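One structure is given below, encoded as structure tokens.
None of these values were measured; they are calculated from a predicted model. Values below: all heavy atoms of this structure, side chains included; hydrogens, waters and symmetry mates excluded. Just so it is clear: chains get the letters A, B, ... in the order the sequence lines come, proteins before strands, and each one is counted from 1.
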Amino acid sequence: MMNDSSNFIKTIMKNELENGTVDHILTRFPPEPNAYLHIGHARAIITNFELAKCFQGATNLRFDDTNPSKEDTEYVEAIKKDIEWLGYTPKTINYGSNYFDATYEKAVLLIQKGLAFVDDLSQEELAMYRGSINEPGKPSPYRNRSIAENLKLFEEMKSGKYGSGEKTLRAKIDMASPNINMRDPVIYRIMHVHHHQTKDKWCIYPMYDFAHPLQDAFEGITHSLCSIEFEDHRPLYEWVIEHCEVEAKPRQIEWGRLGITHMIMSKRYLKQLVDEKIVTGYDDPRMPTLVGLRRRGFTPDAIRNFILSTGLSKINSTVDYGMLEHFLREDLKLKTTRPMAILDPLKVVITNYPEGQIEYVDVPNNMENDSLGTHQMAFGRELYIEREDFLEEKPNKHWKRLSKGIEVRLMHAYFIKCNDVIKDDEGNIIEIHCTYDPLTKSGSGFNERKPNGNIHYVEKTTALPATFQLFEPLLLDEKAQTENFRERINPTSWKNQEGFVEAYLKDTQPEDKYQFIRNGYYTTDKLSKGDKLVFNRTVGLKSSFTTEHGK
RNA sequence: AGGGUUAUCGCCAAGUGGUAAGGCAACGGGUUCUGACCCCGUCAUUCGUAGGUUCGAAUCCUACUAACCCUGCCA
């Protein structure tokens, strides 16, 4: 459900329902099947569906396929899957091209009413006649053709008598309008192109500005939501509704675009990233596409809560990426199991633990959610801990991890105390020697003394090697959205890190999600050969430790 | 001869004449077998600017300023 915070569109709908302007709500999501959906589309989807749901209404999915030269069924299928993944079911799934006959009839009607004419102007000439922002346009010399001639010519356009681009059908509105969209806009063009749905039936295709309001009307859409840059098109939208003698009177409402820091949403740049193989595809976890975000570990609920929380206004806004992360953390918090992982291993030898012996400790899958059960985790003489969890000398009182002479708890296992530090010739710490206290086993109720902290670990012989793909920072910086786009991309900001995860994860499946100790969230990605697991780090640490912590 | 839209905390955002909600981020403190989570506290005398109307204005009026969109046979 839409959250409690109201938004202006919800208010409009509520008012119209109350004063009888409409008696139900039917929205639509109208993607053009020429690209993969990204988080920006998710907002349109979520808003349309949730808004309709607020008033017991429904939402149609309609592929806006009026320009076959750019579109493909590959995208149709991908879009359907994404919407389903987000958890929405359209009332109907349709294609704009299903209405081509009806749309054609409306064009003929316009001609009969003297409101449309066939134009012979070339594309360049048309641009010149259109005028500019600062000067009015001039009427086409073909503007005053008779209705009979227009009817005949339009019929000939349809039957394929003319080549692509040779003629257009234009609405006859106002060449002097300060709104350029009203200067006799082209409503049909000739394109001898195969259409992925209608095949070769048509060689003329309606323009968006003509087709869209009609399709909305044909489907009985009550509210046609779109982004703010279409505001200038609304008078044309209304003109079409007014003059085409349609039953329904859909209303176009615009909202501001949503940007997210560090994410590129432009179709063109996304395509460039894929084409130039900077990413592995539209489903690369670095991409802002829904398929990409899915592999990055995002859940539909996280995305929905994020979208709903950012609200809706007419402002083009840019939300901080941290907000998206927040909603993922919140969503995953109680849903995921929380195993241990070591990204940067430091070997630990428990000198008073018998060689070759392994014992298992019970570990809750999620300390905050008992229903997720428990699993067993190995403990033995040789372990790995995170390198950053150890400093030879305790730097200050804020240090809550392991140091020489200091005792910490290995989570869900024992207290260990560091006695010796082994270094290589260059002085790098290569392993540390500790002793454990058998009395301190987790769950034993031991309460004699407090450890200096709790750190995570994996047992060396049972741990599974894993590769972590880290985003540090995100690949796409907002600064990259400039002309030197290509140069500013930083492909190295994705880095692989070899590490270990506990053996419990050996049965992991793609798309499984985990929260690891230290609050990094990961999702498994494609599993590679052998035992090696691949994880995408989806959300960074909420706050990372530095020795200056606490100052 | 220009038209359209927007302007409330670092980022989103409520508010529609009755005296500035909320979320994210940040910062203090507490708690914790995750420095996470959680809990407590702090964070706009002020709503782009300048005037005006009013007992009272973020809300109404006037003028200005800034930002974004519009000159595809794309959507």
Side-chain angles (χ1 to χ4, degrees), chain A residues 3-7 11 30-32 34 64-67 69-71 119 121-123 126-128 130-137 164-170 176-183 185-191 204-205 207-209 211-212 226-235 254 256-258 261 267 306 309-327 329-330 333-334 338 340 363-364 367-368 398-401 408-413 415 440 442-443 450-451 453-456 515-520 541-545 549-550:
Chain A
N3 59 0
D4 290 326
S5 76
S6 63
N7 66 62
T11 306
E32 182 183 20
N34 71 346
D64 208 340
D65 55 350
T66 54
N67 185 358
S69 65
K70 293 175 155 190
E71 299 151 4
D119 201 341
L121 251 28
S122 70
Q123 198 160 346
L126 203 148
M128 280 171 55
R130 183 158 35 230
S132 74
I133 283 170
N134 294 309
E135 52 192 338
S164 296
E166 225 176 282
K167 291 187 190 315
T168 57
L169 183 70
R170 293 227 263 161
S177 172
N179 181 348
I180 292 171
N181 295 304
M182 300 299 272
R183 318 238 263 230
V186 171
I187 58 176
Y188 258 96
R189 77 286 218 183
I190 302 171
M191 264 200 286
I204 56 171
Y205 294 96
M207 298 289 288
Y208 166 86
D209 280 320
H212 204 87
C226 63
S227 49
I228 194 90
E229 67 265 28
F230 287 99
E231 201 149 28
D232 287 343
H233 295 245
R234 191 171 62 224
E254 310 83 11
R257 278 179 165 273
L258 174 73
T261 57
K267 232 179 242 182
F306 165 75
S309 80
T310 57
L312 208 53
S313 71
K314 295 190 82 165
I315 307 175
N316 285 329
S317 53
T318 305
V319 180
D320 198 287
Y321 182 77
M323 184 95 102
L324 226 194
E325 288 188 322
H326 165 81
F327 283 100
R329 269 193 235 108
E330 191 181 79
K333 189 164 65 184
L334 297 177
R338 302 183 183 187
M340 307 259 196
V363 176
M367 296 269 280
E368 295 171 277
H398 300 292
W399 177 252
K400 301 294 280 291
R401 307 188 196 182
V408 298
R409 175 184 286 286
L410 294 178
M411 278 190 67
H412 304 119
F415 284 19
T440 59
S442 182
K450 291 279 185 189
N454 305 287
I455 66 172
H456 59 298
Q515 177 202 27
F516 287 95
I517 303 307
R518 287 281 183 269
N519 204 36
L541 305 178
K542 171 75 172 174
S543 65
S544 58
F545 173 84
H549 181 80

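Residue A:S317 has a polar side-chain atom (N or O) positioned under 4.0 Å from OP1 or OP2 of B:rA13. Distances shown here put every side-chain N or O of A:R189 at or beyond 4.0 Å from the OP1 or OP2 atom of B:rG72. Between B:rC33 and A:S442, no contact under 4.0 Å exists linking OP1 or OP2 to a side-chain N or O. Taking only side-chain nitrogens and oxygens, A:K333 comes nearer than 4.0 Å to OP1 or OP2 of B:rC38. In this model, the phosphate group of B:rC33 is not approached by any side-chain N or O of A:H412 to a distance below 4.0 Å at OP1 or OP2. For A:T66, a side-chain nitrogen or oxygen approaches OP1 or OP2 of B:rA75 to under 4.0 Å.
Taking every side-chain heavy atom of A:E368 into account, B:rC37 is the closest of B:rC37, B:rC73, B:rG35. The side chain of A:R130 lies closest to B:rG72, out of B:rC37, B:rG72, B:rC70. The side chain of A:I315 sits closest to B:rA13 out of B:rG4, B:rC12, B:rA13. Of the candidates B:rC12, B:rC33, B:rC70, the closest approach to any side-chain atom of A:I133 belongs to B:rC70. Closest to the A:H233 side chain, of the nucleotides B:rC68, B:rG23, B:rA75, is B:rA75. Comparing atom distances between the A:V319 side chain and each of B:rC12, B:rU5, B:rC33 picks out B:rC12 as nearest. For A:K70, counting side-chain heavy atoms from C-beta on, the closest listed nucleotide (B:rC33, B:rG72, B:rC74) is B:rC74.
Residue order along RNA chain B, read from the 5' end via each residue's closest nucleotide, puts A:E231 first among A:E231 and A:T440.
Looking at A:E254 and A:R234, a side-chain N of the basic residue comes within less than 4.0 Å of a carboxylate O on the acidic one, giving a salt bridge.
Summarising the geometry of A:E71 relative to A:T66, their closest heavy-atom pair is OE2-N, 3.7 Å, with the distance given to 0.1 Å.
Using a 4.0 Å heavy-atom criterion, one finds that A:L169 contacts no nucleic acid atom at all.
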